[in-house]
Amino acid sequence: MFETLSKFFKFCDKENRKKFYGSIIVGIINSFFMALRIGAIAVMLRGLIGTAIDGLPFEAKTVWLSFAIMIVSVVGAIITKKITSMWQCEGGYRACAKKRIEIAEHLRYLPMGYFNTNSLGDITSITTNTMESLSDVATRAVMMVLQGLLDTALIIVMMVFFDWRIALIALAGFGLFEFVNLFMRVAVKTVSAEKNYYDTLEIGKVLEFIQGIAEVKAYNLAGQRQSELNKVMERRLKTLIKMEMRCIPVANIQSFVAKLSGVVILMASIFFFLNGSMVLADCAVMIICSFMLFNALEAGGNYSALLRTIDICVTKANTVLALPTMDIEGSEIIPEKSDIEACSIDFAYDKKKIIDGISLKIPEHSTTAIVGPSGGGKTTFCHLLSRFWDVDKGSVTLDGKNVKDFSMDSLMQNYSFVFQHVYLFHDTIANNIRFGNPEASMDKVIEAAKKACCHDFISALPNGYETVIGEGGASLSGGERQRISIARAIMKDSPIIILDEATANVDPENERDLMKAVAELTHEKTVIMIAHRLKTVRNADQIVVIDKGRIVEQGKHEELMKMGGIYSRFIDSRKEAVSWKL
């Protein structure tokens, strides 16, 4: 138990860890004030019973003294309880919020391969479900478990001043209670891991179902996919019930031990009084203590089952934070030129070689078109040029400097990307365009939108630039999303533009506007484009054909057409496809 709590405290940042440590200290003071109730009761009982036995008049000062002690106890307990609760809540929620941000920052600098091998459900579960569970569970468990231990310990210490024998009985009951509680933590150990697994699986299945809903409907698979989702949900439900069913019997035994310990204390107090080794007033106090003693401990003991969940959540978060990031500790370099060179670069993914010894020079302010068969390595090559991955062999340079010498942030300032599948955030159109430059004024946003040929359709929307679009840009057409993406890239104004099939899924009506937007974006820039359309590639300064991870052809359009190789066949097939009519 203490190992898990210590692990959680180390997981917290320094500032919030201090809040937890401070809350423990204040919690001890709170327990002291709670234990003072016994003193107030003792003063009153000794006054009442003592005067009754001795036949003396009851003194009013006894009432006032008992009342004063009780007031100090109640007021002190309220104040310290508020402080310790606030510190623990703030510490728990803020620490987890900071860790969520830290995990997000860490994910930024992981190689892209991590996101290919791990499902979206895993990543989403860690950043949302895991951290949310941790912030909720940790705060409650730490408060209840620690406070239960502290309150019980202070009451037992207070009992020593009345009768050490009763204090020993209480201590034995406390030890037996903790022994039973150990079985509860063991009982939920395997189930907690199973629950965590199904939490992650459920999120993955929900995301998969929602993201693929169009295909599910198109192929009439709604019943099958929903059945799979229902099975996962049902399995998670059964796991939650299993966890509760494992905890309930042990919790009942815990409760029985606590109540039995109280009964033993009560009977022992009466026995000691009857044999003359304990005065009546102390006997009455001990009987009252037998009812008070294990209340807080029992509540804390039930929450201790959640400590295993804390342990698993912290382990999962630490596992992500321990993943080796790309070396991002480079220098803040501002290149004078935007020429790029790949020198004999190799790259393998899961032991499968994707890029095999490619060398290529891309001069500043030139346009390089990359074509080739699907799966040949075009996108991977572009990702290596922009350091989404690190090359296994060889080097990539920008302005003659190895991209690894740049800090990641300073390197990314030199690149803007327009992908085939555009992602827009659930926010206003203006903020989506500002994504490339968050501090940009509205005039700059409109200027970028005009250059990207999207000002007209934005202005026609009900709220114009303040229109909130659906997550992923679902409320806009493909061409509209592409043009907003280009406006975002124009706003960033980077010297190097990478276009990955930016016009592949655009209808002819939108293509003209999109091509104008691309022309505006790429003016006086170093352009690298992956494209399959003849009109997109034929005017490029150089065309590179990549197949099976190698450059198999390179040159201008006319030169490559004369070779009669892959490029020539590619162009012929495109011409045939365009001329085909029903």
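It should be emphasised that the depicted structure is a prediction, and the values quoted were computed from it without experimental measurement.
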**Request:** Could you pull out the closest heavy-atom pair between Tyr415 and Ser494, with the gap in Å?
**Result:** O-OG, 3.3 Å
**Message:** So which atom in Glu341 and which in Lys361 form the shortest heavy-atom distance, rounded to 0.1 Å?
**Reply:** OE2-CE, 3.2 Å
**Message:** I'd like to know whether CZ of Phe435 has more than 12 heavy-atom contacts from other residues, nucleotides or ligands below 6.0 angstrom.
**Reply:** no
**Fill in**
One should read off an interatomic distance between Asn414 CG and Ile497 CD1, to the nearest 0.5 angstrom, of 11.0 Å
**Item:** Donor-acceptor pair, side chain of Glu559 and main chain of Lys556, under 3.5 angstrom
**Value:** yes
**Asked** Quick one: are Asp356 and Lys548 in side-chain contact, heavy atoms under 4.5 Å?
**Response** no
**NZ/NE/NH1/NH2 to OD/OE distance under 4.0 Å, Lys562 and Glu558** = no
**Asked** In this structure, which one of Lys99, Arg100, His106 forms a side-chain hydrogen bond (donor to acceptor under 3.5 Å, both in side chains) with Glu102?
**Response** Lys99
**Message:** What I'd like to find out is whether the side chain of Asp399 reaches to under 4.5 Å of the side chain of Asp339, using heavy atoms alone.
**Reply:** yes
**Test item: Arg17 side-chain N/O and Cys12 main-chain N/O as donor-acceptor pair under 3.5 Å** = yes
**Asked** Salt bridge between Glu15 and Arg94, side-chain N to carboxylate O under 4.0 Å?
**Response** no
**Shortest non-hydrogen contact between Lys378 and Pro373, atoms and distance** = NZ-O, 3.1 Å
**Prompt:** Where does the angle between the aromatic ring planes of Phe388 and Phe417 fall among parallel (under 30°), tilted (30 to 60°) and perpendicular (over 60°)?
**Reply:** tilted
**Message:** Would you say that Ile370 contacts Ile528 through its side chain, given a criterion of any heavy-atom pair below 4.5 Å between the two side chains?
**Reply:** yes
**Prompt:** What distance separates Phe347 CZ from His383 NE2, expressed to the nearest 0.5 Å?
**Reply:** 10.5 Å
**Message:** Using a 6.0 Å cut-off, check whether atom NZ of Lys337 has over 12 heavy atoms from anything other than its own residue.
**Reply:** no
**Message:** Test salt bridge (charged side-chain N to carboxylate O under 4.0 Å, His left out) on Asp390 and Arg387; report intermediate values, then the result.
**Reply:** CA-CA 6 Å; Asp390 276 332; Arg387 210 191 169 199; 2.6 Å; yes
**Prompt:** Where do Ile546 and Gly377 come nearest, in terms of heavy atoms and distance?
**Reply:** CG2-C, 4.4 Å
**Asked** If we ignore angles and hydrogens, is there a donor and acceptor under 3.5 Å between the side chains of Asn402 and Asp405?
**Response** no
**Item:** Heavy-atom side-chain contact between Arg569 and Ile566 under 4.5 Å
**Value:** yes
**Salt-bridge contact Glu447-Lys450 (side-chain N to carboxylate O under 4.0 Å)** = no
**Request:** Inspect the contact between Asp493 and Lys525 and indicate whether a charged nitrogen and a carboxylate oxygen are less than 4.0 angstrom apart.
**Result:** yes
**Complete:** For Ala448 and Met491, the nearest pair of non-hydrogen atoms, with its separation, is CB-CE, 4.1 Å
**Request:** Please lay out, stage by stage, how Lys353 and Asp346 fare under the test salt bridge (charged side-chain N to carboxylate O under 4.0 Å, His left out).
**Result:** CA-CA 8 Å; Lys353 204 161 197 176; Asp346 286 358; 3.2 Å; yes
**Prompt:** Any side-chain heavy-atom pair from Leu384 and Trp389 closer than 4.5 angstrom?
**Reply:** yes
**Message:** Is the shortest side-chain heavy-atom distance between Thr368 and Asp541 below 4.5 Å?
**Reply:** no
**Asked** Are any non-hydrogen side-chain atoms of Tyr567 and His557 less than 4.5 angstrom apart?
**Response** yes
**Request:** Walk me through it: do Ile469 and Arg481 pass the test side chain to side chain contact (heavy atoms under 4.5 Å, CB included)?
**Result:** CA-CA 10 Å; Ile469 56 180; Arg481 290 198 298 270; over 6 Å; no
**Prompt:** So which of Leu398, Leu385, Thr367 actually passes side-chain contact (heavy atoms from CB on, under 4.5 Å) with Ile362?
**Reply:** Leu385
**Message:** Could you measure the distance from the CG atom of Asp547 to the OG atom of Ser374? Nearest 0.5 Å is fine.
**Reply:** 11.0 Å
**Asked** For the atom pair OG (Ser359) and CZ (Arg550), what is the distance rounded to the nearest 0.5 Å?
**Response** 11.0 Å
**Prompt:** Can you find a pair of side-chain heavy atoms, one from Ile345 and one from Phe381, that are under 4.5 Å apart?
**Reply:** yes
**Message:** Going by side-chain contact (heavy atoms from CB on, under 4.5 Å), Arg434 matches just one of Lys492, Lys444, Arg488, Met442. Which one?
**Reply:** Met442
**Item:** Pairwise distance SG(Cys454) to CD1(Ile446) - rounded to 0.5 angstrom
**Value:** 11.0 Å
**Request:** Evaluate the side chain to side chain contact (heavy atoms under 4.5 Å, CB included) criterion for residues Leu560 and Val371: first the C-alpha distance (whole Å), next the side-chain angles of each, then the deciding distance (0.1 Å), finally the verdict.
**Result:** CA-CA 12 Å; Leu560 296 179; Val371 299; over 6 Å; no
**Request:** Check the pair Thr526, Glu364 against side chain to side chain donor-acceptor pair (under 3.5 Å), reporting the backbone distance first and the verdict last.
**Result:** CA-CA 5 Å; Thr526 301; Glu364 184 179 34; 5.6 Å; no
**Whether over 12 other heavy atoms sit under 6.0 Å from Lys393 NZ** = no
**Request:** Drop me the distance from Thr397's OG1 to Ile340's CD1, to the nearest 0.5 angstrom.
**Result:** 8.5 Å
**Item:** Heavy-atom closest contact (Ile429 atom, Gly464 atom, distance)
**Value:** CD1-O, 4.2 Å
